[in-house]
Protein chains: 2
Amino acid sequence: MSVSELNAPAQDYLKLIWSATEWSDRAITVGAMAERLGVTASTVSDGLRKLTQQGLVSHAPYGSIELTETGRRYALVMVRRHRLLETFLVNVLGYGWDEVHAEAEVLEHAVSDLLIDRIEEHLGYPDRDPHGDLIPTREGHQPRISAWQLSECEAGSELSIVRISDASPDMLRYFSGLGLSPGTHLRLEAQHPYADVTSVCVLPSEQAIDLGSAAARAIWVVGHTTEPTPPAK
Amino acid sequence: MSVSELNAPAQDYLKLIWSATEWSDRAITVGAMAERLGVTASTVSDGLRKLTQQGLVSHAPYGSIELTETGRRYALVMVRRHRLLETFLVNVLGYGWDEVHAEAEVLEHAVSDLLIDRIEEHLGYPDRDPHGDLIPTREGHQPRISAWQLSECEAGSELSIVRISDASPDMLRYFSGLGLSPGTHLRLEAQHPYADVTSVCVLPSEQAIDLGSAAARAIWVVGHTTEPTPPAK
DNA sequence: GAACAATGTTTGGTGCGTCTAACATCGTCT
DNA sequence: AGACGATGTTAGACGCACCAAACATTGTTC
Ligand SMILES: [Mn+2]
Ligand SMILES: [Mn+2]
Ligand SMILES: [Mn+2]
Ligand SMILES: [Mn+2]
């Protein structure tokens, strides 16, 4: 069997379960899956039962949602497809980074393994997609990197953006307008927790920006000059 | 409404109905559609009834199968998608011309109009796919060209291959081995009707080849030096 | 610890594409 | 003209993804 034999919803379930644990250690819930996929909880619950029967997910009723080893392998194939497709659309076909997610979300279910390998070769084996997300290898290897949400960092530090969540195209366009993308250097000026505002300064232009909490949570950074800044506890 | 809102089987039906009239003037039958799509005749019959209700096909029970004007427009969008995808896979990603048909058959249902336009631009607006088939324009324009099956031509003429049917990947590989592809020049040495053999000579190498009738029917030619050779009546 | 709100599951039902089997029509051959 | 084989249609059923509504469980609050 292979992930290509699953139908699109099952492929999306696996990818989503895996993605939830990429930047968090709490497993995803049925409700969160339903909301993200735009279906009802009953549909997700049913889908999880079938994936459990197929040995791809381990989920007892009312229990937590985990991938089996095979399920994780399949999920990484889907993540790899998605991110290589996004990179291809941006680097080769001139898409904006805010336009690629929806297109990749559909294409990932239609491409063959051969096509993905050819795209990877044509791109020169990139390791990150346009949003800074790591691209799993053909062998299903995905290095674990550490980064912190801008919203959790301490004021005063100099930071590099390594990743911006691609969940909202509107937010990506907003970031484009501000000149924020993976690779951008920042100085974190201040956190104003009760105002839900994070003040940063883009380097080297010294342009000051105030970000709301949703924006500050979508941006992931590492320390720029020194070692990675530990998350503020 | 647009062709993208139809499901994949409906898109395939429209494309197939149109394709049948590209190189022949007899409309396709229910049985032929069923065989080509790998479904039963009852499934096709049902699908045609729905397409007729949607105003894309005109088909009375036991009657002939025709596209409406809208149906034809949609069909050409699908043909355009298919042929641009094939061209892209060969020219950009290094596929062989025998490998692209199956891949394009799936991808054509998943790509957006924007993606297809970007691919076309990236390819430099090609007018033919790897099999020599004409690529409809974005406006749905498809020039009518005249060509003849090699099997119908008269011995003695010098010919250029303009198109090779992509229906059988095995046959395409066979032609690759013989050095036959769109653009190849030939001299038709002899037709042996009762032996079902067509003898040709590749130019300028003068290599002699005997083709069976299925092969000679898959190759479409025009006159090389002079005007197009009329079909032998 | 009982009540309750939030979360998850099950049940019953719809729409859709597909199939098989029964039935209808068409075209051809005698 | 009638018979018959080939072709096409219809009826009935199935699997699947999905939903709404009823039901079950969980965890938290008083
Ligand atoms: Mn998807
Ligand atoms: Mn991405
Ligand atoms: Mn297709
Ligand atoms: Mn082709």
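So that the names make sense, note that chain A is the first sequence line, chain B the second, and so on, each numbered from 1. These values consider heavy atoms only, across backbone and side chains, with no hydrogens, waters or symmetry-generated copies.
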For this session: Scan residues 43-50 of chain B against DNA chain C and write down, sorted by residue number, each residue with any heavy atom closer than 4.0 Å; if none is found, say none.
Result: Thr43(B), Asp46(B), Lys50(B)
Seminar exercise, completed: Residues passing the salt bridge (charged side-chain N to carboxylate O under 4.0 Å, His left out) test with Asp170(A), sequence neighbours excluded, are Arg173(A)
Exercise. Mind checking what makes side-chain contact (heavy atoms from CB on, under 4.5 Å) contact with Arg118(A), not counting sequence neighbours?
Worked result: Leu114(A), Glu121(A), Leu93(B), Tyr95(B)
Seminar exercise, completed: Applied to residues 30-81 of chain A, the ring pair (Phe, Tyr, Trp, His ring centres under 6.0 Å) test, sequence neighbours excluded, yields none
For this session: Could you list all the salt bridge (charged side-chain N to carboxylate O under 4.0 Å, His left out) pairs where at least one residue sits in residues 43-54 of chain A, not counting sequence neighbours?
Result: Asp46(A)-Arg49(A), Asp46(A)-Lys50(A)
For this session: Could you check how far CD1 of Ile65(A) sits from P of dT26(D), rounded to whole Å?
Result: 15 Å
Problem set entry | Arg163(B): salt bridge (charged side-chain N to carboxylate O under 4.0 Å, His left out) partners, not counting sequence neighbours | Asp133(B)
For this session: Quick one: list whatever passes salt bridge (charged side-chain N to carboxylate O under 4.0 Å, His left out) with Glu35(A), sequence neighbours left out.
Result: none
Exercise. Counting only side-chain N and O atoms of Thr40(A), is one of them less than 4.0 Å from OP1 or OP2 of dC18(D)?
Worked result: no
Please table the atom pairs, donor to acceptor, closer than 3.5 Å between any side-chain atom in residues 75-85 of chain B and protein atoms at least two apart or in another chain.
| from | atom 1 | to | atom 2 | distance (Å) |
| --- | --- | --- | --- | --- |
| Arg80(B) | NH1 | Glu120(B) | OE1 | 3.4 |
| Arg80(B) | NH1 | Glu120(B) | OE2 | 3.0 |
| Arg80(B) | NH1 | Pro136(B) | O | 3.2 |
| Arg80(B) | NH2 | Asp117(B) | OD1 | 2.9 |
| Arg80(B) | NH2 | Glu120(B) | OE1 | 2.7 |
| Arg81(B) | NH1 | Glu108(B) | O | 3.0 |
| Arg81(B) | NH2 | Ser4(B) | OG | 2.8 |
| Arg81(B) | NH2 | Asp113(B) | OD1 | 3.3 |
| His82(B) | ND1 | Glu108(B) | OE1 | 2.8 |
| His82(B) | NE2 | Glu86(B) | OE2 | 2.8 |
| His82(B) | NE2 | His101(B) | ND1 | 3.1 |
| Arg83(B) | NH1 | Glu22(B) | OE2 | 3.2 |
| Arg83(B) | NH1 | Leu134(B) | O | 2.7 |
| Arg83(B) | NH2 | Glu22(B) | OE1 | 2.8 |

For this session: Check salt bridge (charged side-chain N to carboxylate O under 4.0 Å, His left out) between Glu105(A) and all other residues, then give those that pass, not counting sequence neighbours.
Result: Lys15(A)
Exercise. So does His59(A) get a side-chain nitrogen or oxygen closer than 4.0 Å to the phosphate oxygens (OP1/OP2) of dG8(C)?
Worked result: no
Seminar exercise, completed: ring pair (Phe, Tyr, Trp, His ring centres under 6.0 Å) pairs touching residues 18-56 of chain A, sequence neighbours excluded, are Trp23(A)-Trp220(A)
For this session: Answer yes or no: does atom CZ of Arg128(B) have more than 12 heavy-atom neighbours from other residues, nucleotides or ligands under 6.0 Å?
Result: yes
Seminar exercise, completed: So, with a heavy-atom separation below 4.0 Å from DNA chain D, the residues of residues 12-38 of chain A are Tyr13(A), Gly38(A)
Seminar exercise, completed: Which of dA21(C), dA20(D), dT9(C) is nearest the side chain of Ala41(A)? It is dT9(C)
I'd like a list of close polar pairs between nucleotides 22-25 of chain D and the protein, N/O only, cut-off under 3.5 Å.
| from | atom 1 | to | atom 2 | distance (Å) |
| --- | --- | --- | --- | --- |
| dA24(D) | N3 | Tyr62(A) | OH | 3.2 |

